[in-house]
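Reviewing the structure listed below.
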Amino acid sequence: MDDSDVLIVGGGVVGSTLALLLGEANWRVTIIDASPAPEGNETVGQGKPALRVSALTATSQRLLTALDVWPWLASRRVSAYRGMQVWDAEGSGEIGFDADEVGVDALGHIVENELLLAALARRLESLPNVEWLREATLTGYTRDNDVDREAARNAGHAVITLDNGEQRRAPLIVGADGANSPLRTMAGIPVSERDTGQAAVVTTVRTDIGHGGVARQAFLATGPLAFLPLTIDGRDDHCSIVWSTTPGEARRLTALGDSDEGRAQLGIELARGLGGRLGDVEVIDAAPHFPITQRHAQRYVDEGLALIGDAAHSLHPLAGQGVNLGLMDAAVLAEEWIRARQRGAPPGDRRILVRYERRRRGENAAMLAAMQGFQRLFGSRQPALRLARNWGLSGVDRLMPIKRLLIRQALGEYGDLPERCR
């Protein structure tokens, strides 16, 4: 007897979203999550903003609205941004985007990760067919195909072992367990990996000049610096920072965040990096950093197994698309599996899994390639390339049809969208 219809390894934003999509369709779902249960939803989204945030596209917002997650989020704390400014800090090239240019209310929303996780957990708790195993670590994975050859193709079973010795069994298993996915490794799925030579420093700041609902990104000599607008208690004087730079510089900036004197210096450097556009900058939190490595699994599926989110692909944060790509993975995989079951076809049939892979891998590969190209273009010290990128930014800023196309891309409105995201 199977424990569930599907085992999802990883209870982060992407894994939880898949669990909710399948749980609403009356699938029996078990989430294997190494993290402890959150302390409660009473204070999340209040007080000082959390360090880690996500920039959610309009397409991701529609998915979360369809899952009845967005209303609770919006009642707590989400920060809409209507504009974007991107410029080359070493030149004159600049491009700006505005929601009015395509007739939308917002280009996206900045949401604290812990708040998004709390909203998803709250919805999942209402589904009796979803089981959440907390503080459970995967230690083993095998396929149980002790059945005839044709049945094995359609109904092989995953058998996983947890750190407490417990075993779970299901016909389907999903790896949503992050960029260093243990399940991906245990399944023997190769991954292409590229060290970007950068690390990302994150922190939260208060600015002298209000951000006005505009996300800003300056390309500095060592990498992009992003000021993501946060609205706190109705005020627009907070921003979440993502500063991609060299590993050595990242270590220095992190060390500055460890003392009041250092944070004052870090604020000066952040204000200078942004060209003084938001006036003085006050750092109000620590400034940890993490390495930036782009990865792409050479395949997303195996027999009865699928990878989604960072387990399938991880990319440079300069476009803020990581979580949005993962949410689309979850929505497409759920759509294919639910359709298969409605047709009476076994969702574990490799043809169903390949359909998911075909719909998602090409789009994700294109985004990974674009991020690699942007990093190389703006990281180049060659005078000709520097001149070209400045001309390019300023030229595109004057071409409204191309700008509208880029805005639609930023909204997530491209490719083969799943039905619940339209």
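Residue numbers run from 1 in the order of the sequence given. The shown structure was predicted, so the numbers you read here are calculated from the model rather than taken from an experiment.
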Checklist entry - Does the Thr196 side chain pair with the main chain of Ile292, one donor and one acceptor, at a distance under 3.5 Å? => result yes
Checklist entry - Side chain of Thr254, backbone of Arg251: donor and acceptor closer than 3.5 Å? => result no
Next on the checklist: Before you tell me yes or no, could you show the steps for Arg252 and Glu249 under salt bridge (Lys or Arg N to Asp or Glu O under 4.0 Å), namely the whole-Å CA-CA distance, both residues' side-chain angles and the distance that decides it to 0.1 Å?
Outcome noted: CA-CA 5 Å; Arg252 185 185 72 83; Glu249 181 67 357; 2.6 Å; yes
Next on the checklist: Whether the side chain of Arg194 engages the backbone of Arg295 through a donor-acceptor N/O pair (distance < 3.5 Å, no angle test) should be reported.
Outcome noted: no
Checklist entry - Which atom names give the shortest non-hydrogen contact between Ala218 and Gly273, and what distance separates them? => result CB-O, 3.8 Å
Checklist entry - Checking side-chain hydrogen bond (donor to acceptor under 3.5 Å, both in side chains) for the pair Ser244/Gln198: CA distance, chi angles, key distance, verdict? => result CA-CA 6 Å; Ser244 302; Gln198 292 188 328; 4.6 Å; no
Next on the checklist: Quick test of your reading of the model: are Arg77 and Glu112 salt-bridged, counting only N-O distances below 4.0 Å?
Outcome noted: yes
Checklist entry - What is the distance from atom CG of Leu63 to atom SG of Cys421, rounded to the nearest 0.5 Å? => result 4.0 Å
Next on the checklist: Quick one, Val78 with Ile110, criterion side-chain contact (heavy atoms from CB on, under 4.5 Å). Give me CA distance, side-chain angles, the key distance, then yes/no.
Outcome noted: CA-CA 6 Å; Val78 299; Ile110 307 300; over 6 Å; no
Checklist entry - Stepwise, does the side-chain hydrogen bond (donor to acceptor under 3.5 Å, both in side chains) test hold for Asn324 with Ser60? => result CA-CA 6 Å; Asn324 296 294; Ser60 294; 2.6 Å; yes
Checklist entry - Can you tell me how far the CG atom of Leu325 sits from the CG atom of Asn364, to the nearest 0.5 Å? => result 5.0 Å
Next on the checklist: What verdict does the side-chain contact (heavy atoms from CB on, under 4.5 Å) test give for Thr231 and His238, after you've listed the backbone C-alpha separation in whole Å, the side-chain angles of each residue and the deciding distance to 0.1 Å?
Outcome noted: CA-CA 7 Å; Thr231 302; His238 284 69; over 6 Å; no
Checklist entry - Is Arg216 reaching over with its side chain to a backbone N or O of Met84, donor-acceptor style, under 3.5 angstrom? => result no
Item to check | All pairs passing ring pair (Phe, Tyr, Trp, His ring centres under 6.0 Å) where residues 104-138 contributes a residue, at least two apart | outcome: Trp70-His109
Checklist entry - side-chain hydrogen bond (donor to acceptor under 3.5 Å, both in side chains) between Asp177 and Ser181: does it pass, once the steps are laid out? => result CA-CA 5 Å; Asp177 49 345; Ser181 169; 2.6 Å; yes
Checklist entry - Do Asn129 and Asp5 meet the criterion of a side-chain donor-acceptor pair at a distance under 3.5 Å? => result no
Item to check | Verdict with supporting geometry, Arg168 and Glu166, salt bridge (Lys or Arg N to Asp or Glu O under 4.0 Å) | outcome: CA-CA 7 Å; Arg168 292 296 182 109; Glu166 182 182 358; 2.7 Å; yes
Item to check | Face-on cation placement of Arg52 at Phe290 ring, 6.0 Å and 45° thresholds | outcome: yes
Checklist entry - According to the interplanar angle, ranging from 0 to 90°, do the rings of Tyr300 and His313 count as parallel (below 30°), tilted (30 to 60°) or perpendicular (above 60°)? => result tilted
Next on the checklist: Checking the side chain of Arg76 only, and the main-chain atoms of Val44 only, is there a donor and an acceptor separated by less than 3.5 Å?
Outcome noted: yes
Checklist entry - Please, which pairs that meet side chain to side chain donor-acceptor pair (under 3.5 Å) have at least one residue in residues 133-142, sequence neighbours excluded? => result Asp33-Arg134
Checklist entry - Taking only residues two or more places apart in sequence or in another chain, which ones pass side chain to side chain donor-acceptor pair (under 3.5 Å) with Tyr81? => result none
Item to check | Contact summary for Ile352 and Pro347, nearest pair of heavy atoms | outcome: CB-O, 3.7 Å
Checklist entry - Roughly how far, to the nearest 0.5 Å, is the CG atom of Leu18 from the CG atom of Leu120? => result 11.5 Å
Checklist entry - Checking side chain to side chain contact (heavy atoms under 4.5 Å, CB included) against Leu305, which of Leu183, Leu353, Leu172 comes through? => result Leu183
Checklist entry - Of all heavy-atom pairs between Ala312 and His296, which one has the smallest distance, and what is that distance? => result O-CD2, 3.3 Å
Next on the checklist: Check whether Thr57 reaches the backbone of Gly412 with its side chain - one donor and one acceptor, N or O, closer than 3.5 Å.
Outcome noted: no
Checklist outcome for this item: Heavy atoms of His316 and Pro224 approach each other most closely as CE1-CG, 4.0 Å
Checklist outcome for this item: Residues Cys239 and Pro229: closest non-hydrogen pair is SG-CA, 4.2 Å
Checklist entry - Can Gln167 and Val159 be said to form a side-chain contact (heavy atoms from CB on, under 4.5 Å), step by step? => result CA-CA 7 Å; Gln167 288 191 325; Val159 180; 4.1 Å; yes
Checklist entry - Quick one: CG on Leu56 to CG on Leu116, what's the gap to the nearest 0.5 Å? => result 6.0 Å
Checklist entry - For the side chain of Ser16 and the backbone of Gly12, is there at least one donor-acceptor N/O pair under 3.5 Å apart? => result yes
Next on the checklist: Check this for me: Asn164, atom CG, are more than 12 non-hydrogen atoms of other residues, nucleotides or ligands nearer than 6.0 Å?
Outcome noted: yes
Item to check | Closest heavy-atom pair and its distance - Ala106, Leu411 | outcome: O-CD2, 3.7 Å
Checklist entry - Between Arg359 and Glu335, is there a side-chain N and carboxylate O pair less than 4.0 Å apart? => result yes
Item to check | Note: Arg82-Glu101 ion pair, threshold 4.0 Å (strictly below) | outcome: no
Next on the checklist: Using side-chain hydrogen bond (donor to acceptor under 3.5 Å, both in side chains), reason through Arg123 and Ser126 one step at a time and then give a plain yes or no.
Outcome noted: CA-CA 5 Å; Arg123 280 287 292 119; Ser126 68; 2.9 Å; yes
Checklist entry - Which is it for Leu22 and Val6 under the side-chain contact (heavy atoms from CB on, under 4.5 Å) test, yes or no, and what are the steps along the way? => result CA-CA 9 Å; Leu22 296 175; Val6 60; 3.8 Å; yes
Next on the checklist: I'd like to know if the side chain of Thr203 and the backbone of Ala286 have a donor-acceptor N/O pair within less than 3.5 Å.
Outcome noted: yes
Checklist entry - What's the verdict on salt bridge (Lys or Arg N to Asp or Glu O under 4.0 Å) for Arg358 and Glu363, showing C-alpha distance, side-chain angles and the deciding distance? => result CA-CA 9 Å; Arg358 187 166 54 242; Glu363 288 185 12; over 6 Å; no
Checklist outcome for this item: One should read off an interatomic distance between Asp416 CG and Arg360 CZ, to the nearest 0.5 angstrom, of 9.0 Å
Item to check | Side-chain ion pair, Glu269 and Arg272, N-O less than 4.0 Å | outcome: no
Next on the checklist: What's the separation between atom CG in Leu124 and atom CD in Glu24, rounded to the nearest 0.5 Å?
Outcome noted: 9.0 Å
Checklist entry - Got more than 12 heavy atoms from elsewhere within 6.0 Å of CD, Gln298? => result yes
